[in-house]
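Note sheet for the following structure.
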Amino acid sequence: MNDQPSPSPRRRPGPLMDRLGKLCQDGKESAEYLWQVPHDDDVRQKILGILAEIRTEAAKQGRREMGRIAGELEAAAQASSSPQQVEILQDGFERLVRLWAAAKSGLF
């Protein structure tokens, strides 16, 4: 009988962060901040800049869906601040992060 515990499974590290992944993560963090401070115009401008960069970087990498989502989020970021608007931004950046991770892992 073997009394030694079995080795614990190792967590597989996520994909290495490239420029597009970093932009998506920065946007997600900024949108989460807006949930707490919804009228911060500087963060809204930062988000618009991040979205423009995501569209450019996604086009370079042939990630059309990510560019489309970024375009939709730009329209949401320009709307008047509301809880619904912030939720749209949070959900959108979460989708961008998941799409980026899936693309980097080779799922699509």
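- Remark: Ile54 CD1 to Trp100 CH2 distance equals 12.0 Å, nearest 0.5 Å.
- Taking both residues in full, the closest heavy atoms of Lys22 and Met17 are given as N-SD, 3.3 Å, listed atom of the first, atom of the second, then distance.
- Between Ala77 and Gln85, the shortest heavy-atom contact is O-NE2, 3.4 Å.
- Linking ILVMFWY residues whenever their side-chain heavy atoms come closer than 4.5 Å, directly or via other members, leaves Val97 and Ile50 in distinct clusters.
- A distance of 10.5 Å separates CD of Glu94 from SG of Cys24, quoted to the nearest 0.5 Å.
- Scanning all heavy atoms of the two residues, the minimum distance from Phe93 to Leu51 falls at CZ-CD2, 3.5 Å.
- In this structure, the salt bridge (Lys or Arg N to Asp or Glu O under 4.0 Å) partners of Glu57, at least two apart in sequence or on a different chain, are Arg19, Lys60.
- Note on Val43 and Leu48: separate hydrophobic clusters, where clusters join Ile, Leu, Val, Met, Phe, Trp and Tyr whose side-chain heavy atoms are under 4.5 Å apart, directly or indirectly.
- Scanning both residues, Met66 and Ala58, for their nearest heavy atoms gives CB-CB, 4.0 Å.
- Residue Leu34 holds its CG atom at 13.5 Å from CD of Glu87, rounded to the nearest 0.5 Å.
- Although no hydrogens or angles enter the test, the distance criterion places a donor-acceptor pair under 3.5 Å between the side chain of Arg44 and the main chain of Pro38.
- Closest heavy-atom contact between Leu89 and Ala76: CD2-CB, 4.2 Å.
- In this structure, Glu53 CD and Asp26 CG are separated by 9.0 Å, a value rounded to the nearest 0.5 Å.
- Note that CD1 of Ile69 is 13.0 Å distant from CZ of Arg64, once rounded to the nearest 0.5 Å.
- The hydrophobic cluster containing Ile88 also contains Leu96, counting ILVMFWY residues as joined when their side-chain heavy atoms lie under 4.5 angstrom apart, directly or transitively.
- Note that the OG atom of Ser81 and the CG atom of Asp41 stand 8.0 Å from one another [nearest 0.5 Å].
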Review point. Is there a side-chain contact (heavy atoms from CB on, under 4.5 Å) between Glu65 and Leu99 once you walk through the steps?
Key: CA-CA 9 Å; Glu65 180 70 7; Leu99 281 171; 3.8 Å; yes
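- For Arg55, the salt bridge (Lys or Arg N to Asp or Glu O under 4.0 Å) partners two or more places apart in sequence, or in a different chain, are Glu74.
- Considering only residues two or more places apart in sequence or on other chains, Asp18 meets the salt bridge (Lys or Arg N to Asp or Glu O under 4.0 Å) condition with Lys104.
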